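Everything on this sheet refers to the single structure shown next.
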Amino acid sequence: MKFDVQAIDKKWQDYWQEHKTYRTTNDTARPKYYVLDMFPYPSGSGLHVGHPLGYIGSDIVARHKRQAGYNVLHPMGFDAFGLPAEQYAIDTGVHPSESTARNTARYREQMERLGLSFDWDRSVNTSDPDYFKWTQWIIGRVYDHWYDCREDRARPIQELIDHLSAHGTAGLEAAESEALELSAEAFNALDAKGRSDLLMNYRLAFRSVSYVNWCEALGTVLANDEVKDGRSERGNHPVEQRPMLQWSLRITAYAERLLAGLAEVDYSEGLKAQQVNWIGKSIGALVHFDIEGHDEQLDIFTTRPDTIYGATFMVIAPEHELVDKLTTPAQRSEIDEYLTYVGRRSELDRVSENRVTGAFTGAYATHPLTGNRVPIYIAEYVLKDYGTGAIMAVPSDDDRDKRFAEKFGIEIIDVVDKTDYPGATLKDKVGRIINSDFMNGMEVPEAIEAATERIEAMGRGKRQVNYRIRDLVFSRQRYWGEPWPIIYDENDVPHLVPLDELPVTLPEMEDFRAVSGASPLERAKDWVATPRGRRETDTMPATAGSNWYYLRYMDPHNGDAFVGEEAVNYWRDVDLYVGGAEHAVSHILYSRLIHKFLFDIGKVPTREPYKKLLNQGMIGGPISYIHLGILLTDDGQRHPVWVSSDVAEGTPLTVEGIGSGYLVVDESTGTRLTPLRFVTETSVNNESSFRLYLTAVEEAQRLDHQDAAYFRTILQQASAFAWQTDREGRQYLELSVEQGKMSKRKYNAVNPDDICNRYGADCFRMYEMFLGPIDQAKPWSVSGIDGVYRFLRRYWNLFVGEGDRLSVTEEAPTRAEMKVLHTLIRKVTEDIDKLSFNTCVSAFMVATNELTKMNCRKRGILEPTVRLIAPFAPHLAEELFAALGNMDSVHHATWPEWREEYLVEDSITYPIAFNGKTRLTLDLPAEASREEIEAAVRADAQVQGHLTGKAVRKVIVVPKRMVNFVVG
RNA sequence: GCCCGGAUGGCGGAAUUGGUAGACGCGCUGGACUUAAAAUCCAGUUCUCAGUACUGAGAGUACGGGUUCGAUUCCCGUUCCGGGUACCA
């Protein structure tokens, strides 16, 4: 048997496929364990070495749990619908179904090359009609429900209709777009269209006009999480706010439960904090202000009702519905001018320059407590979407209000004395209330309570909770997504497409580009027109398919339900969910929402989908640059040359074929991106350095892949290289380097296939784990991978001796050998549990070093280590396990258990410290008592040497730990 | 600005109810084997100072304080780095 990692990888990958080694059945006799990787979108560039970090970690857990006797569900599938897939298709001119199929196949190949133990028979793909049939069905269920705030759950829309026709809105506490009051008679008098419109106010999936993020370049609306700094996350295009008719999901109804549910899941604190911030709960009060000369009231939301005596003006959002009505003739032109200005400003302008702007409407509100006249302004800094879109401005205790007041010359009344709290900021909610009538002298928390009570008692408002989270816009004017399963009748009333007619598939289209706000599906006239009316032409966002996929894996081929009842009651939820932190907010939050909805309608037995979440760290890639300079030769000629990054301007240079002169730098010089595959990482004088060797340049001339082609065009920019020579006489240039994300554009993506082909999948797997804690970001570097390869080789050599023959003996193990084995069992078992994979690899190295030193070749020791290493190095383990005479796969073998009796120490090495400084160590019997230890230590000659001439004030003895003498 | 992480040799990192700081690996230095190289194996490798090999002394986990017999670990303050988020009333 040869240590030929390529052959071993191939042999066992074929074997696993053929024997379906990782097939999972819904065998309810065994305890279940569900370990899931986040759904990848199969991009055209394939996997790079950053992706597998999480896959390997979860695979180790899956394999370990399998060996530990669990029925393990460890599936993989693809998030194939959505903007990226469609944008990629448009860029490459290939139909998304084709490119998706190709990319999916590539991903699967790469994953199989890594030896990941997925049950591919359970794979799903969101763009598969058998899958999105159920996506459409789920959204249909959401559409068919409303949220009863009193029972705190979703209920069928028919029950709402029954209530409305019997009592109207009386006694109704529902999650709603706007508060409505309606009698039963009025409801019953509505026609079909009127009734449908009214119900939209309550449905959990509803259609309404709202301000949405419109992205002109992508031709679609985007959800809040798809927008970063006023630009689209995908493609970095500008985004503006526009009122549009859109489908949305009423996630706000679930805000409180999404918040509360965080208490019962095991996510990192940071991730929980992000979810909490995104939901953005704030507790405060709703206050009504009368407006002079108008019947309407101005409603504002504040978290600081205690500062109401400091409210010297009001500000409403420019888009607020009362703006037009409140504007006085004298102020009309000023307001119109301001509205034009605001309309011109993009979201990006608003975010980037933080100027104080606004205009006076001419109207005044009446302060509910003082009766004072309070001017009403409009200003950009008040957002239409948050609270009521209006505020009472308290310039003494709010930065923005203060800047506004200063600019417009408005009175500032100090209402909170913070002298007792030096350093406190406005947000700390501390201080003593002044200038505030009945609240004077109160501390802030007390005053908030008192103010709220007073306002409620006066009928001027009420306590209120507000959330930052907005309802989730769920329409896209794009082709590549699930069509909304809706048909509008001749009265424009939407009707759900019934289950037996699902899925609503996409029409075949040649040109599926989105044009100016109209969905491409509108152009598919035959598809839109049905006997019952016209189809909805909006599609769903990518999250529609990915927010419930973990349930489909439980029962992927079920044609009668999205998941069978028995299957979901067995698998229940995901025990360990592994993926990148970039999906922390949106994906996790939205699938928690759908899960809670499915719980409400009795389709899932658990309240949360993911019990424990592990966010793997990003692996960055070095981005290297070659330096271009000008060689000014003695004859005054200028020659562009490639130089080392450490060559300064003015350095004398001699370049072969050109002559000598010195280096100059001008606007044509600088740095050029160098593909990572041509860069060699070395270490010189303990400093790491990145070099371009002559051999790599020659290689770039030969190879025909993209990186080489790019690099050739770059290298044409100069005619020569100012080579340096290393110790071995090879020619190179020093490059400059920075760390960045791995991406195709930066030519720094490293393909795991390349590493596997060189070192084998097992070495790659263990090396990625050895890099450090899995949740920490780290730069990719190949330095060190040789060390892991050497370790695997040494481990192999424990089993295989001279002439590549198995050299394992049947001798009985010694106590020392058993101690090595059981120490390893304990360490690996415990550390897998802690998801501390890097220390597992170290433990294997330590054990291998020790067994090599002992020259241990005994089956009784070595065979259990094969079962331990199987999750990490599945191929080598399989090869060795078979060589030891086992017929079944090592991955079905049991996990070894450690026994304490082999771990106990006979003697313990005690550090002996004097005033806390360790001076020597002494070996003492493990079972020695405190007194025996002290006596033995005091008797030691060396210890006495340290104690001579000093008074021992105290002796601290911690059995099995240490001894410390306090001397004076 | 706010929230969340983090800072340990030349490098990746290890060390948890507070008890020998630097496991393991890389790199580097020296040696063995070899015609040579590669591979492999052995030894050394936190820094400073002192000495004769065995060694000894001092400093040391971003920085400044504190608690403690004892602090990488707990507390207070500061700096820097990474991530998220931002006119959210």
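The shown structure was predicted, so the numbers you read here are calculated from the model rather than taken from an experiment. First the proteins, then the strands, lettered A, B, ... as listed; each starts at 1.
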Could you list, one pair per line, each protein nitrogen or oxygen that sits under 3.5 Å from a nitrogen or oxygen of nucleotides 37-48 of chain B, together with the distance?
none

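- What separates CZ of A:Phe965 from P of B:G70 is a distance of 16 Å, to the nearest Å.
- Of the two residues contacting RNA chain B, namely A:Gln274 and A:Tyr467, the nearest-nucleotide position lying further toward the 5' end is that of A:Gln274.
- Here B:C88 presents its P atom at 9 Å from OH of A:Tyr386, a figure rounded to the nearest Å.
- Distance CD (A:Glu269) to P (B:C3): 15 Å, rounded to an integer number of Å.
- A:Lys272 pairs by the salt bridge (Lys or Arg N to Asp or Glu O under 4.0 Å) definition with nothing, not counting sequence neighbours.
- What separates CE of A:Met766 from C1' of B:C24 is a distance of 12 Å, to the nearest Å.
- Residue A:Asp401 is classed as having no contact, given no heavy-atom separation below 4.0 Å to the nucleic acid.
- Residues satisfying the side chain to side chain donor-acceptor pair (under 3.5 Å) criterion with A:Asn915, sequence neighbours excluded, are absent altogether.
- Using cut-offs of 30° and 60° for the angle between ring planes, the A:Phe844 and A:Phe872 rings count as perpendicular.
- Applying side-chain contact (heavy atoms from CB on, under 4.5 Å) to A:Met392 and the options A:Asp398, A:Leu298, A:Thr307, A:Val287 leaves one that passes, A:Thr307.
- Comparing the same atom, C1', in B:A7 and in B:G22 gives a spacing of 16 Å after rounding to whole Å.
- For residues 763-784 of chain A, the set of pairs meeting the salt bridge (Lys or Arg N to Asp or Glu O under 4.0 Å) definition, not counting sequence neighbours, comprises A:Asp59-A:Arg765.
- Rounded to whole Å, the distance from CG on A:Asn277 to P on B:G1 is 17 Å.
- Protein atom CG of A:Leu271 is 21 Å distant from nucleotide atom P of B:G82, rounded to whole Å.
- Applying the ring pair (Phe, Tyr, Trp, His ring centres under 6.0 Å) test to pairs two or more places apart or on separate chains, those with a residue in residues 947-968 of chain A are A:Phe914-A:Phe965.
- Rounded to whole Å, atom P of B:G82 lies 19 Å from atom CG of A:Asp775.
- Rounded to a whole angstrom, the distance from the P atom of B:C26 to that of B:U79 is 40 Å.
- Under the 3.5 Å distance criterion, the side-chain polar atoms of A:Asp804 are left unmatched by any main-chain donor or acceptor of A:Lys2.
- For the strand RNA chain B, secondary-structure stems (runs of at least three Watson-Crick or G-U pairs, all distances below 3.5 Å) span B:1-7 with B:79-85, B:10-12 with B:24-26, B:27-32 with B:40-45, B:46-50 with B:55-59, B:62-66 with B:74-78.
- Every residue two or more places apart in sequence or in another chain that forms a side chain to side chain donor-acceptor pair (under 3.5 Å) with A:Tyr386 is listed here: A:Ser282.
- Of the two residues near RNA chain B, A:Gly784 and A:Asn915, the one whose nearest nucleotide lies more 5' is A:Gly784.
- Comparing the C1' positions of B:A14 and B:A23 gives a spacing of 5 Å, expressed to the nearest Å.
- Rounded to whole Å, the C1' atom of B:A15 lies 24 Å from the corresponding atom of B:G58.
- At the heavy-atom level, A:Pro773 lies under 4.0 Å from the strands shown only through sugar-phosphate atoms.
- Within 6.0 Å of CD on A:Glu321 lie no more than 12 heavy atoms contributed by other residues, nucleotides or ligands.
- The nucleotide whose nearest atom lies closest to any side-chain atom of A:Asn849 is, among B:C24, B:A89, B:C69, B:C24.
- With its glycosidic angle more than 90° from 0, B:G18 is assigned anti.
- For the pair A:Trp278 CH2 and B:C4 C1', the interatomic distance rounds to 16 Å; values are reported in whole Å.
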Which atoms of nucleotides 18-23 of chain B (N or O only) lie under 3.5 Å from a protein N or O atom, and what are those distances?
unit_1	atom_1	unit_2	atom_2	d
B:A23	N1	A:Ser842	OG	3.4

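- Applying the side chain to side chain donor-acceptor pair (under 3.5 Å) rule to A:Thr839 yields the partners A:Asp831, A:Ser836; only residues at least two apart in sequence or on another chain are considered.
- Side-chain atoms of A:Thr303 lie closest to B:A89 of the nucleotides B:C88, B:A89, B:C24.
- Nucleotides B:U8 and B:A59 are separated by 15 Å at their C1' atoms, to the nearest Å.
- The same atom, P, is picked in B:C75 and in B:G27; the two are 39 Å apart, to the nearest Å.
- The aromatic rings of A:Tyr795 and A:Phe799 stand perpendicular to each other, their planes meeting at an angle above 60°, with 30° marking the opposite boundary.
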*List the steps and the verdict of salt bridge (Lys or Arg N to Asp or Glu O under 4.0 Å) for A:Glu934 and A:Arg938.*
CA-CA 6 Å; A:Glu934 184 174 342; A:Arg938 275 181 184 277; 3.1 Å; yes
Distances under 3.5 Å between nitrogen or oxygen atoms of protein and nucleotides 49-59 of chain B:
unit_1	atom_1	unit_2	atom_2	d
B:G58	OP2	A:Arg919	NH1	3.4
B:G58	OP2	A:Arg919	NH2	3.0

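- Comparing the C1' positions of B:A57 and B:G64 gives a spacing of 27 Å, expressed to the nearest Å.
- When the side chain to side chain donor-acceptor pair (under 3.5 Å) test is applied to A:Asn849, the partners found at least two apart in sequence or on another chain are A:Arg794.
- When the shell of 6.0 Å around CZ of A:Arg793 is examined, it contains more than 12 heavy atoms from other residues, nucleotides or ligands.
- Other residues, nucleotides and ligands place no more than 12 heavy atoms under 6.0 Å from the CZ atom of A:Arg961.
- Cation-pi geometry between A:Arg400 and A:Tyr381 is not met at under 6.0 angstrom from the ring centre and within 45 degrees of the axis.
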Atom pairs under 3.5 Å: protein N/O with N/O of nucleotides 31-33 of chain B:
none

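- Rounded to the nearest Å, the gap between the C1' atom of B:G25 and that of B:G13 is 9 Å.
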